[in-house]
Amino acid sequence: MIYIYNDFGGTHTTSLAAAYHLRLLKLSELTKNDILSVPYFNQLTKKEAGQILYRGVDEENNPVYTIGRRSSKYVVPALIDLCTILLRRYGEKEKVIISNTSPTVPPLMTAGGFLSRELGIDSIGVPLLVKGAQQCHDLIYHLVEETKQVSKASHEQVVVMENKKYQYQIGKKNIL
């Protein structure tokens with residue numbers, strides 16, 4: 001199995017998803033330090049958009065990757081086609097799971113990401129990102145757990161999960 005988590009920038013929700021997937025984080029109240037110590041969290045730039053970043057190997061020896069797709073609607077279809085071509089060409093029985101973490105993003109994280117990554121105003125952006133991560137981390141955890149379950153149950157070689165049911169909702173307890 002190959003896991004690829006994707007979102008707009010590839011540095012916030014995908015980093016948290018990879019950290020949960022690789023058991024670097026546990027489902028609990030996350031502190032500022034917990035969040036800021038997640039590898040790649042708030043560290044990627046626009047230049048790294050579209051790069052498939054290796055994050056590690058999970059407990060079942062499956063590689064985990066992330067990608068920031070920016071506003072391109074073509075990244076995921078291109079990934080699907082490339083994976084399909086390679087799997088057919090080399091006769092692999094591997095599965096590729098492409099899981100979208102974007103629905104989990106709360107408004108605070110969007111604002112914080114814009115201020116920090118786009119404008120370079122970390123003094124305002126980072127606290128908003130931390131608060132946003134604290135708001136949505138439980139959704140991300142459950143999204144990752146479902147991604148793992150779907151990967152085992154699916155008979156498709158390339159599985160795309162849009163994860164719309166994990167949409168962050170203001171004013172609601174966002175635990176499924």
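- When every heavy atom of Leu129 is checked against every heavy atom of Met109, the shortest pair comes out as CD2-O, 3.5 Å.
- At a cut-off of 3.5 Å, with distance as the only test, a side-chain donor of Asp34 or Thr31 sits close to an acceptor on the other residue.
- Side-chain contact between Val144 and Leu16 is absent, with no heavy-atom pair separated by less than 4.5 Å.
- Across all their heavy atoms, Leu139 and Tyr168 have their closest contact at CD1-CA, 3.8 Å.
- No side-chain donor-acceptor contact under 3.5 Å links Thr11 and Asn42.
- Screening Ile98, Leu143, Asn163, Ile97 for a side-chain contact (heavy atoms from CB on, under 4.5 Å) with Tyr5, the sole residue that qualifies is Leu143.
- Between the side chain of Gln135 and the main chain of Val130, no donor-acceptor pair closer than 3.5 Å is present.
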>> Please determine whether salt bridge (Lys or Arg N to Asp or Glu O under 4.0 Å) holds for the pair Glu118 and Arg70, giving the CA-CA distance in whole Å, both sets of side-chain angles, and the decisive distance to 0.1 Å.
In response: CA-CA 12 Å; Glu118 299 292 325; Arg70 302 300 289 178; 2.8 Å; yes
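- The side chain to side chain donor-acceptor pair (under 3.5 Å) search around Gln43 returns none, not counting sequence neighbours.
- For Asn6 and Thr101, the side-chain atoms include no donor-acceptor pair closer than 3.5 Å.
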> Are Lys152 and Glu146 close enough, and set up right, to give a salt bridge (Lys or Arg N to Asp or Glu O under 4.0 Å), and what steps lead you there?
Replying inline: CA-CA 10 Å; Lys152 292 175 183 158; Glu146 182 173 350; over 6 Å; no
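- Here the closest non-hydrogen pair linking Glu162 and Pro103 is O-CG, 3.4 Å.
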>> Between Leu87 and Lys93, does the side-chain contact (heavy atoms from CB on, under 4.5 Å) criterion hold? Intermediate values first, please.
In response: CA-CA 7 Å; Leu87 291 169; Lys93 300 296 179 211; over 6 Å; no
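- If you check the side chains of Asp7 and Thr13, you find a donor sitting under 3.5 Å from an acceptor.
- Side chains of Tyr3 and Ser151: a donor on one and an acceptor on the other come within 3.5 Å.
- Applying side-chain contact (heavy atoms from CB on, under 4.5 Å) to Leu53 and the options Ile4, Thr14, Thr66, Val64 leaves one that passes, Thr66.
- Every residue two or more places apart in sequence or in another chain was checked for a side chain to side chain donor-acceptor pair (under 3.5 Å) with Lys32, and none qualifies.
- Between Ser102 and Asn100, the side chains place a donor N or O and an acceptor N or O closer than 3.5 Å (distance only, hydrogens not considered).
- With respect to Arg23 and Glu59, a salt bridge is recorded, a charged nitrogen being found less than 4.0 Å from a carboxylate O.
- Contact annotation: the side chain of Val57 never approaches that of Asn62 to less than 4.5 Å [non-hydrogen atoms, C-beta and beyond].
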>> Let's go through Cys83 and Glu94 carefully: what are the C-alpha distance in whole Å and the side-chain angles of both, what is the deciding distance for side-chain contact (heavy atoms from CB on, under 4.5 Å) to 0.1 Å, and is it a yes or a no?
In response: CA-CA 10 Å; Cys83 291; Glu94 197 83 55; over 6 Å; no
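- By the 30° and 60° cut-offs, the orientation of the rings of Tyr141 relative to Tyr20 is perpendicular.
- At least one donor-acceptor pair under 3.5 Å links the side chain of Arg117 to the backbone N or O of Leu44.
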